[in-house]
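These notes concern the structure reproduced below.
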Amino acid sequence: MKRLANAEIAKILTQIRTLMEFAGEPFFKFMAYERAAETLENAPPVAELVAAGRLQELPGIGKTIAARISEICATGTCVYLDELRAKYPLTLVELLGVSGVGMKTAQQLFGLLGVASLADLEAALAAGRLDGMPRLGAKTIENIRRGVLAYKGRQRRTPLGQALPIAREIVAYLAEHTAAADLTPAGSVRRQEPTVGDIDILCTSTDAAAVISAFTRWERAEAVLAEGETKASIWLRGGLQIDLRVLPAHLYGNLLQHFTGSREHNIQLRELAVRKNLRVSENGIVDLTDGTTTTCRTEEEVYARLGLPYIAPELRLGIGEIEAARDGALPAVVELGDLRGDFHMHCTWSDGRNTLETMIAAAAARGYSYHSVSDHSWGRGGMGLTPDDLRAQRERLREIGDKYGVRSLRSSEVDILPDGGLDFDDAILADLDIVVASVHSALNISRDDMTRRLIRACENPYVNIIGHPTGRNVETFPGYEFDYDAVFAAAARTGTALEIDGQPNRLDLPSPLARRAREFGVTFTCDSDAHGADQLANVAYAVGQARRAWLAPDAILNTRDLDDVLAFVEAKRVRGGAAKVI
DNA sequence: GCCGTTTTCGGCCCGACTGTTTTCAGTCG
C-alpha cells in the first residue's frame, strides 16, 4: 500500500484522540494521543523509524501509541480507531471544528438530538431544534450558526507568506493609531510555521482599552469575535482570525514567551516549572514556596528563571528542545545576517520579472559578497536558456557584477530529467561556477524511480545543489515520493548540497526532513529562488525553516566565504562525483 | 498513555472571555 506521510498518520491519531474524549476516556489518556500527533507533525519520516524500531525514541510516544502507529503504517488504520468509530461516527470531528462548539456541546447535540455531522447540525439549526436545550441561549445558538458559516467558508490554513504581510500591516496600523509599544507578531507566524491557523499580535500599553478599541475598529475587520479588557479577536474577510493581547510593559517578556507558544512547548515548559515549584503564565512567574512573582522584560529572563538558556522561537515545538536546552545541547542556529550570498534567482532571460542588471544590483544592495543567477535550462519549454544563451549571459555577469561590487557567479538551474540525467551536457556545466539541479517534470514516477533519479543527479560531478528537493507546495502538494534517507546519504557522500528554498509556497526542504538530512552530514543552502528583485528577501523564510531544522551556520554553504564555496564545488569535481568516492 | 536531577507509581499547565448564570461552565488559545 501507499506509504503514509507523517501528517496523515498524525491526522489519524488526532481522530482517535477526539473520539476518545467523546467516549469519555480519561483526560490524560487522550491528551497523550494529541501530544503524539504533534510530535509526528515535526518528526522525520515515520516509516523509516518504524522499520528501524526507533519510534519510541520520539518524545511522547511510548509502547501503546508506538504499536498503534506501526499498525497504521502497515494497514492504513488501527483496530482501536475502528472500535471507536463503531460507536461514534467520525463526522463528529466536523462538529468540534465549528467555532463555538466544544466537547460538551457536541456530546449534548449527539446524545439528545442525534446530530453527528456538520450537515446534521445545519439541519437542526434550520429546524430550530437547538432552541430550549440546556445552556444554549439565543446568543450561543447564533454564535454556533455563525461558526457553521465560517467552517464552510473557511480557507485552509494560511501560508506564512500571506500571513506575515498581514501581521505587519496590522502592526503598522496599531503603531500609527495607538500609543502601543512592543508591537510584535507572535504565535505560529513568529515560529515560522509554513502555514498558520491564525495571527497573534501582542503589544504593551498603559491604555489597553484604547488599543483594543482601535484594533476592533480596523477597516479590514469583518467581525469582532471577542473584545475584553486585555485581549480581542477579529475575523478578516475569508475567515482568517487575528488575536491581540495587550499587557503592561514590564510583562513584555512573559507575554511574548506565552503568546509565541507553541501550545505544546508551553505545556512542557510549565510542567518543568511545576517541578521547581514555579507557576508560569503571561502574568509572570510565581514562586509557590513564598508567593513572590517575577516579571520579565525579555524572554531571556523567562527562560533563565526556569534554569534554561534562551530557546529560539522557531525551535519551540515541544519536540525535545526543552530537554536539549536543559542539557546544553541546543545548537546556535543560523541567522539571516550569517548569509553572504544567494545561489538561486532568476531574471528576464528565463522566467524572472527583472533584468539581469536589476537582479545583480539588488543582490549587491543586500550586502552579499557573491550570488549566482540560476536561470532555467532550455528543456523548460520556451522560457529556458539554450547553451548559446548561457554563454552570452556568462559574459555579462562579471562586467555587471564588477559595476555593483558583487561577485556574480555563473550558474544555471538545470532540469533533472526523468532518468536522472541533466538538461545540459557536462561540458556546458563544467563552464559554470556552481550548478543548481531541480526536478520540474515527471513528478508522478514511482518512488524507486524518483529515488534513483535524485541519487543519479547527486552523483553528477557538476551538480552542487539540489533545488527544492521534494517539490512540495505548502498548500497543494505534499511533494513527490522518494527514499529520503537514501538520497540524504547520497547527497552527503557526493558533497552535494540540498537547498532550503525560501519561496513561500515551497519552503523546501521541509524542516523535519532537513533535520533528518543533517544526521547524514548533508550541507544545505538557504536560497530565495527569487523571480524578481523584491523576492530576494524571501531568503528570510529559508533561514526560518533552517532554524526550525536546528541548523547552525556551519551547515549552510552560503554562510561561508567565496573561497570556501568555490572549494566546495572544486572538491566534488576533483572527486568526479560518485566515481572516486571512498 | 507517558514519564522520571525529588517518582517505575503517581503525578500530569494556565488564564481570558462569553453567555447563562446568580457563582460558573464551556470554549479557546
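Protein chains get the first letters and strands the later ones, always in sequence-line order, with residue 1 at the start of each.
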*asked:* Using the C1' atom as the point on both nucleotides, what is the distance between B:dT20 and B:dG26, in whole Å?
replied: 11 Å

*asked:* The criterion is ring-ring contact (aromatic ring centres under 6.0 Å, His included); which residues satisfy it with A:His250, sequence neighbours excluded?
replied: none

*Does anything in residues 180-206 of chain A reach DNA chain B, meaning a heavy atom under 4.0 Å, and if so which residues?*
none

Could you list the donor-acceptor pairs under 3.5 angstrom formed by side chains in residues 278-285 of chain A, with sequence neighbours left out?
residue, atom, partner, partner atom, Å
A:Ser281, OG, A:Asn283, N, 3.0
A:Glu282, OE2, A:Arg245, NH1, 2.9
A:Glu282, OE2, A:Arg245, NH2, 3.2

*Can you tell me which residue pairs pass the side chain to side chain donor-acceptor pair (under 3.5 Å) test with a partner in residues 253-262 of chain A, sequence neighbours excluded?*
A:Arg190-A:Thr260, A:Gln257-A:Asn266, A:Gln257-A:Tyr303, A:His258-A:Arg270

*Strand contacts (DNA chain B) in residues 99-120 of chain A, 4.0 angstrom heavy-atom criterion*: A:Ser99, A:Gly100, A:Val101, A:Gly102, A:Met103, A:Lys104, A:Thr105

*Tell me whether the OP1 or OP2 atom of B:dG29 has a side-chain N or O from A:Gln241 closer than 4.0 Å.*
yes

Could you list the donor-acceptor pairs under 3.5 angstrom formed by side chains in residues 56-67 of chain A, with sequence neighbours left out?
residue, atom, partner, partner atom, Å
A:Gln56, OE1, A:Lys63, N, 3.4
A:Glu57, OE1, A:Arg54, NE, 3.2
A:Glu57, OE1, A:Arg54, NH2, 3.4
A:Glu57, OE2, A:Arg54, NE, 3.4

Kindly list each side-chain donor-acceptor pair under 3.5 angstrom involving residues 82-96 of chain A, sequence neighbours excluded, with atom names and distances?
residue, atom, partner, partner atom, Å
A:Asp82, OD1, A:Thr77, OG1, 3.2
A:Thr91, OG1, A:Ala116, O, 2.7
A:Glu94, OE1, A:Leu118, N, 2.8

*Counting Watson-Crick and G-U wobble pairs only, both distances under 3.5 Å, name the nucleotide matched with B:dT8, or none.*
none

*asked:* Applying salt bridge (Lys or Arg N to Asp or Glu O under 4.0 Å) as the test, list every pair that has at least one member in residues 304-320 of chain A; sequence neighbours left out.
replied: A:Asp287-A:Arg305, A:Glu299-A:Arg316, A:Glu314-A:Arg547

*Which whole number of Å gives the distance between the C1' atom of B:dT8 and that of B:dC3?*
9 Å

*Could you tell me which residues satisfy salt bridge (charged side-chain N to carboxylate O under 4.0 Å, His left out) with A:Glu475, sequence neighbours excluded, listed by chain and number?*
none

*What are the two closest non-hydrogen atoms of A:Ile69 and A:Val50, and how far apart are they?*
CG2-CG2, 4.5 Å

*side-chain contact (heavy atoms from CB on, under 4.5 Å) with A:Pro185: which residues, sequence neighbours excluded?*
A:Ala167, A:Val171, A:Val189, A:Ile201

*Given side-chain hydrogen bond (donor to acceptor under 3.5 Å, both in side chains), test A:Thr105 with A:Gln108 step by step and report yes or no.*
CA-CA 5 Å; A:Thr105 306; A:Gln108 195 181 32; 5.4 Å; no

*Give me the residues of residues 36-48 of chain A where at least one heavy atom lies under 4.0 Å from an atom of DNA chain B, by number, or none.*
none

*How close do A:Tyr310 and A:Pro313 get, heavy atom to heavy atom, and via which atoms?*
OH-CD, 3.5 Å

Can you check nucleotides 10-19 of chain B for protein contacts, nitrogen or oxygen pairs under 3.5 Å, and list what you find?
residue, atom, partner, partner atom, Å
B:dC12, O3', A:Glu271, OE2, 3.4
B:dC13, OP2, A:Glu271, OE2, 2.5
B:dC13, O2, A:Arg270, NH1, 2.1
B:dA16, OP1, A:Asn283, ND2, 3.4
B:dA16, O3', A:Thr230, OG1, 3.4
B:dC17, OP1, A:Glu229, N, 3.0
B:dC17, OP1, A:Thr230, N, 2.8
B:dC17, OP1, A:Thr230, OG1, 3.3
B:dC17, OP1, A:Lys231, N, 3.0
B:dT18, OP1, A:Glu227, N, 2.8
B:dT18, OP1, A:Glu227, O, 3.3
B:dG19, O3', A:Thr140, OG1, 3.0
B:dG19, N2, A:Arg135, NH2, 3.3

